[in-house]
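Letters go in sequence order (proteins before strands), and every chain restarts at 1. Computed over heavy atoms, backbone and side chain alike; hydrogens, waters and symmetry mates excluded.
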Number of protein chains: 2
Amino acid sequence: MAASTELERFPNTGLFLEGRLRHDLSQEEKVELESLVSRVEILPDGHRLISRGDICDHSTMLIDGFMLRTLDSGDRRYGVSFHVPGDFVDLHCFALKRLDHNIECVGQAKVGLVPHERIAEVMKEKPHLARLFWFSTLLDAAMHREWIMKLEQLKVPQRIAHIFAEVWCRLDMVGLAFEDGFDTPLTQADLADMCGATPIHVNRAIGELRKSGIADFNRGEVRICNREKLESFADFEKDYLYGDGALSLRQDGL
Amino acid sequence: MAASTELERFPNTGLFLEGRLRHDLSQEEKVELESLVSRVEILPDGHRLISRGDICDHSTMLIDGFMLRTLDSGDRRYGVSFHVPGDFVDLHCFALKRLDHNIECVGQAKVGLVPHERIAEVMKEKPHLARLFWFSTLLDAAMHREWIMKLEQLKVPQRIAHIFAEVWCRLDMVGLAFEDGFDTPLTQADLADMCGATPIHVNRAIGELRKSGIADFNRGEVRICNREKLESFADFEKDYLYGDGALSLRQDGL
DNA sequence: CGCATCCTTGAGGGCCATCAAAATGCGTGG
DNA sequence: CCACGCATTTTGATGGCCCTCAAGGATGCG
């Protein structure tokens, strides 16, 4: 897979836009991108990278592990998006300056820090790379929109199936999925926060998925025997991920 | 109000970022922005500006009227966001090239078309203005996130109240709200599409809001006698709109 | 082996979908 | 000015999804 050779050359940023528009990055841009990472850190499970309202002067590339964007309301946490390796998780905060949400590690994570002054340089001197940065934040927005629709459309068992289908697909794009599923440190309680349901109901919904042979979830191991069945149950259409679906930009260039 | 003098000078783009970071635009940038509009059009109710999958070579500034971003699934339409005058509604498609969603007029709308080649020039030569363009698309993403949380958190009557509170607040920022509410061509069926509910249930929910004195809705006229009551019922916290709330950037500059 | 975390199970009630139908308001044309 | 068609709003009855309260079982770690 392309991802592994890219990772050898660019250990910190080799997965950025992999499966999407990475092919549109020139060698020079890839080198420039890798050089933006000023420091690499390992963060423990549950670590909160950024809290709502923080003013920040750097953004974070997720190199290894998983992260969750959350919002708090009342005394509950709600998940609004999920991140996999290769995601430039808080590139947003370069333009927003103050983030509207929290970013938390799910399991241990390895991240690369990118100072905003370097991104400002890119804005001034590398418009094409800047445009791809912009693209990557809009990809998040497209995923948000899909999730809004799915929340409006689907019941809880299907919502969970949709999360499984999306994460599996995204891990596939960066070469981290297995034939029959994927591993993630997500708990049933995390899934509940992402679905707007109670952990109790999520548990029952997962039981249903298991019983009907759609997916199995046990302590972070998601196993799927029939991809088609999962995706049709969840009404999952991968186009919105801008990989190789109908919205793909591969053949167009920018 | 500031909005009206800005509109005299910049009839097509005078509301862009009004109430948010418009103060951060220099006179020169405002002139540049206004000059980007190559053509103004009036579009009829229900007109579909862009459909999912279209490749487009221009973006659209909403000058007057309202628009809805939608996604279709099964044989139903789902609303994922709502637009008011001053919104650069499909700036996204400059970087995405192919849009993942549809954009439709709700009522008659007046729009300004901006060719992508002009935006590409801005990217090359006006990094600060480019950054504000980026900001405006991230504002959409922040609104998406809030809506995801609200869908996870709220029942239908509160969702409707939240839509009322948000739209009222956004119209206020661009000087288009009344003391006691606002007007919009939205129907109960549109609200249903935005809430993921049936029109029937939306009707009953509106009845509840009316009975409990939270808000009245009749053929597009939203009337609210007690703002505080509405906002607390909907759990509406306007920070995420990046106006004058806790996340405001006014005092920081960029 | 105790403890914390995570997962599982049961009973009762409220929210919202579906099916079915009707009333209201508005624009158009006779 | 009225008749008509159409979109929009309103109402009623039944059933399924998911919440809450309450408790119990499994797994891994020190």
Side-chain angles (χ1 to χ4, degrees), chain A residues 44-46 68 73-78 104-108 150-162 183-212 215-223 233-234, chain B residues 44-46 68 73-79 104-108 150-162 164 183-212 215-223 233-234:
Chain A
D45 179 34
L68 199 54
S73 188
D75 46 7
R76 216 190 135 174
R77 180 185 78 151
Y78 296 90
E104 302 173 12
C105 300
V106 180
Q108 196 182 72
K150 290 304 169 189
L151 285 169
E152 290 170 350
Q153 180 188 22
L154 303 179
K155 307 290 182 194
V156 170
Q158 294 167 287
R159 291 182 192 176
I160 294 169
H162 197 274
D183 290 354
T184 158
L186 284 172
T187 64
Q188 292 191 358
D190 293 327
L191 286 173
D193 291 344
M194 296 166 78
C195 287
T198 57
I200 296 168
H201 188 63
V202 164
N203 178 267
R204 290 189 233 261
I206 288 176
E208 261 182 59
L209 296 182
R210 193 175 292 139
K211 206 175 53 171
S212 47
D216 193 16
F217 177 87
N218 199 282
R219 300 195 177 258
E221 296 181 7
V222 178
R223 290 297 173 272
F233 179 74
Chain B
D45 179 34
L68 199 54
S73 189
D75 46 6
R76 214 187 137 175
R77 180 184 78 153
Y78 296 90
E104 302 173 10
C105 298
V106 181
Q108 196 182 72
K150 291 304 170 189
L151 285 170
E152 290 170 349
Q153 179 189 22
L154 304 179
K155 306 290 181 192
V156 170
Q158 294 167 286
R159 290 181 193 176
I160 294 168
H162 197 275
F164 288 170
D183 290 353
T184 158
L186 283 172
T187 64
Q188 292 189 359
D190 293 327
L191 286 173
D193 291 344
M194 297 166 78
C195 286
T198 56
I200 297 168
H201 189 63
V202 165
N203 178 266
R204 290 188 231 265
I206 287 176
E208 261 183 57
L209 296 181
R210 193 175 291 141
K211 207 174 56 171
S212 49
D216 194 16
F217 177 88
N218 201 282
R219 296 189 181 263
E221 297 182 6
V222 178
R223 290 298 173 271
F233 178 75

For this session: Rounded to the nearest angstrom, tell me the gap between atom CD in A/Glu221 and atom P in C/dC6.
Result: 16 Å
Problem set entry | Interatomic distance, A/Leu68 atom CG to A/Cys105 atom SG [nearest 0.5 angstrom] | 10.5 Å
Exercise. At under 4.0 Å between heavy atoms, what does A/Pro185 touch on the DNA or RNA strands: base, sugar-phosphate, or nothing?
Worked result: nothing
Seminar exercise, completed: Scanning both residues in full, the closest heavy-atom pair of A/Gln153 with B/Gly74 reads NE2-N, 4.5 Å
Exercise. Does the pair A/Arg76 and A/Asp193 meet the rule for a side chain to side chain contact (heavy atoms under 4.5 Å, CB included), with working shown?
Worked result: CA-CA 8 Å; A/Arg76 216 190 135 174; A/Asp193 291 344; 3.3 Å; yes
Problem set entry | Side-chain donor/acceptor of B/Asp45 to backbone N/O of B/Gly107, under 3.5 Å | yes
Exercise. In residues 201-209 of chain A, which residues come under 4.0 Å of DNA chain D by heavy atom?
Worked result: A/His201, A/Arg204
Seminar exercise, completed: Rounded to whole Å, the CD-P distance (B/Gln188 to C/dT24) equals 15 Å
Seminar exercise, completed: To the nearest 0.5 Å, atom CZ of A/Arg204 lies from atom OG1 of A/Thr198 at 7.5 Å
For this session: Whole angstrom is fine here: how far is it from CG in A/Leu154 over to P in C/dC16?
Result: 17 Å
Exercise. When the distance from CD1 of B/Ile200 to P of C/dC15 is rounded to whole Å, what number comes out?
Worked result: 18 Å
For this session: Any chance you could measure A/Arg159, atom CZ, to A/Met194, atom CE, to the nearest 0.5 Å?
Result: 12.5 Å
Exercise. Atom CG of A/Leu151 and atom C1' of C/dC16: how far apart are they, to the nearest Å?
Worked result: 16 Å
For this session: Give one of base, sugar-phosphate or nothing for B/Arg159, where a contact means two heavy atoms less than 4.0 Å apart.
Result: nothing
Exercise. In Å and rounded to the nearest 0.5 Å, what is the CD1 to NZ distance from A/Ile160 to A/Lys155?
Worked result: 14.0 Å
For this session: Name the nucleic acid region contacted by B/Gly196, choosing base, sugar-phosphate or nothing; use a 4.0 angstrom heavy-atom cut-off, strictly under.
Result: sugar-phosphate
Exercise. On DNA chain D, which is the earliest and which the latest nucleotide, 5' to 3', with an atom closer than 4.0 Å to a heavy atom of chain B?
Worked result: D/dT8 to D/dA13
Problem set entry | Atom pair OG/CG of B/Ser73 and A/Leu154 - distance to nearest 0.5 Å | 7.5 Å
Exercise. Tell me, do B/Phe164 and B/Leu191 make a side-chain contact under 4.5 Å, heavy atoms counted?
Worked result: yes
For this session: Working to the nearest 0.5 Å, report the span between CD1 of A/Ile200 and CD of A/Gln188.
Result: 11.0 Å
Seminar exercise, completed: Closest to the 5' end of DNA chain C, once A/Thr187 and A/Lys155 are matched to their nearest nucleotides, is A/Thr187
Exercise. In degrees rounded to 10°, what angle is found between the helical axes fit to the five outermost pairs at each end of the helix from C/dC1-D/dG30 to C/dG30-D/dC1?
Worked result: 40°
Exercise. Going by an N to O cut-off under 4.0 Å, is there a salt bridge joining A/Arg223 and A/Asp183?
Worked result: yes
